[in-house]
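Read through the structure below, which is laid out as structure tokens, and then see the notes.
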Amino acid sequence: MLKRLLGATLMAASIGTASIAADAKPTDPQIAHIAYTAGQIDVTAAEQALKKSKNAEVIAFAKTMERDHKAVNDQALALVKKLKVTPEDNPVSQSLSTQANKELKTLETLDGAAFDKAYVENEVAYHKSVNDALANILIPSARNKDLKSLLETGLTLFKEHQMHAEHLASTIK
């Protein structure tokens with residue numbers, strides 16, 4: 001569990017560190033890429049859970065994560081197309097992807113209840129970290145009102161995900 005919390009914390013820290021290191025707020029194209037990457041990470045984790053888990057509650061949770069994060073990412077893609085903005089890959093997006101790939105490999109080695117527990121604990125930590133980054137870095141840095149609005153909508157939904165994951169984690173042995 002500590003490893004998962006550390007991994008999610010590193011993801012959130014990478015968002016803050018990259019912004020601070022550049023001594024500037026992330027740009028809207030960078031924010032769009034970070035947000036999309038974060039959502040895609042959760043879709044991929046949910047797909048892994050749907051393949052590996054046999055727990056009905058974990059499967060239902062993973063289906064919710066997959067559905068909701070795909071929907072938000074679809075909205076984000078429609079917005080950048082409408083605005084004629086190209087999301088910009090950046091060190092934060094790259095760091096998120098690297099950390100997520102490590103976590104997916106770790107989860108791949110687990111089965112049964114051990115997988116379910118690790119997956120849900122990771123979801124708790126990940127949502128907590130991403131929600132913190134959205135509230136404290138990405139939303140305040142967004143300049144475009146439509147992007148800011150989409151991020152705010154996502155934050156509301158992802159706070160619900162965090163609460164759902166926390167509840168589920170408390171029930172898994």
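For the numbers below, each heavy atom of this structure counts, side chains included, while hydrogens, waters and symmetry mates do not.
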Is there side-chain contact between [X] and [Y], with heavy atoms separated by less than 4.5 Å?
X: Thr171; Y: His167; value: yes
X: Met65; Y: His127; value: yes
X: Leu168; Y: Glu57; value: yes

To the nearest 0.5 Å, how far apart are [atom1] in [X] and [atom2] in [Y]?
X: Glu123; Y: Asp42; atom1: CD; atom2: CG; value: 4.0 Å
X: Glu121; Y: Ile172; atom1: CD; atom2: CD1; value: 8.5 Å
X: Leu151; Y: Thr156; atom1: CG; atom2: OG1; value: 11.0 Å
X: Ser149; Y: Gln75; atom1: OG; atom2: CD; value: 9.5 Å
X: Gln48; Y: Leu107; atom1: CD; atom2: CG; value: 5.0 Å
X: Ile31; Y: Ile137; atom1: CD1; atom2: CD1; value: 10.0 Å

Going only through I, L, V, M, F, W and Y residues with side-chain contacts under 4.5 Å, is there a path from [X] to [Y]?
X: Leu79; Y: Leu138; value: yes
X: Leu96; Y: Leu104; value: no
X: Leu83; Y: Ile34; value: yes

* Asked: Should the heavy atoms of other residues, nucleotides or ligands under 6.0 Å from NZ of Lys128 be counted, would the total exceed 12?
  -> no
State, to 0.1 Å, how close [X] and [Y] come at their nearest heavy-atom pair, and which atoms those are.
X: Gly39; Y: Asn73; answer: C-ND2, 3.6 Å
X: Val43; Y: Glu66; answer: CG2-O, 4.1 Å
X: Asn144; Y: Asp146; answer: OD1-N, 2.7 Å
X: Ala62; Y: Ala49; answer: CB-CB, 3.8 Å

* Would you check if there is a donor-acceptor pair between the side chains of Asn90 and Ser93 at a distance under 3.5 Å? => yes
* Would you call the rings of Phe115 and Tyr119 parallel, tilted or perpendicular if under 30° counts as parallel and over 60° as perpendicular? -> parallel
* Among His164, Glu166, Lys159, find the one that has a side chain to side chain donor-acceptor pair (under 3.5 Å) with Gln162. => Glu166
Keeping [X] on the side-chain end and [Y] on the backbone end, is there a donor-acceptor pair under 3.5 Å?
X: Lys148; Y: Ala142; answer: yes
X: Asn101; Y: Ser97; answer: yes
X: Lys52; Y: Leu110; answer: yes

* Picking from Leu134, Val130, Leu150, what satisfies side-chain contact (heavy atoms from CB on, under 4.5 Å) with Leu155? -> Leu134
* To do: Only counting residues at least two apart or in another chain, list the ones meeting side-chain contact (heavy atoms from CB on, under 4.5 Å) with Ala169.
  => Val120, Val124
* Inspect the contact between Lys51 and Glu47 and indicate whether a charged nitrogen and a carboxylate oxygen are less than 4.0 angstrom apart. => no
* Close aromatic pair by centroid cut-off 6.0 Å: Tyr36 and His33 -> no
* Structure fact -> Under a side-chain separation threshold of 4.5 Å, the hydrophobic residues clustered together with Ile59 are Leu50
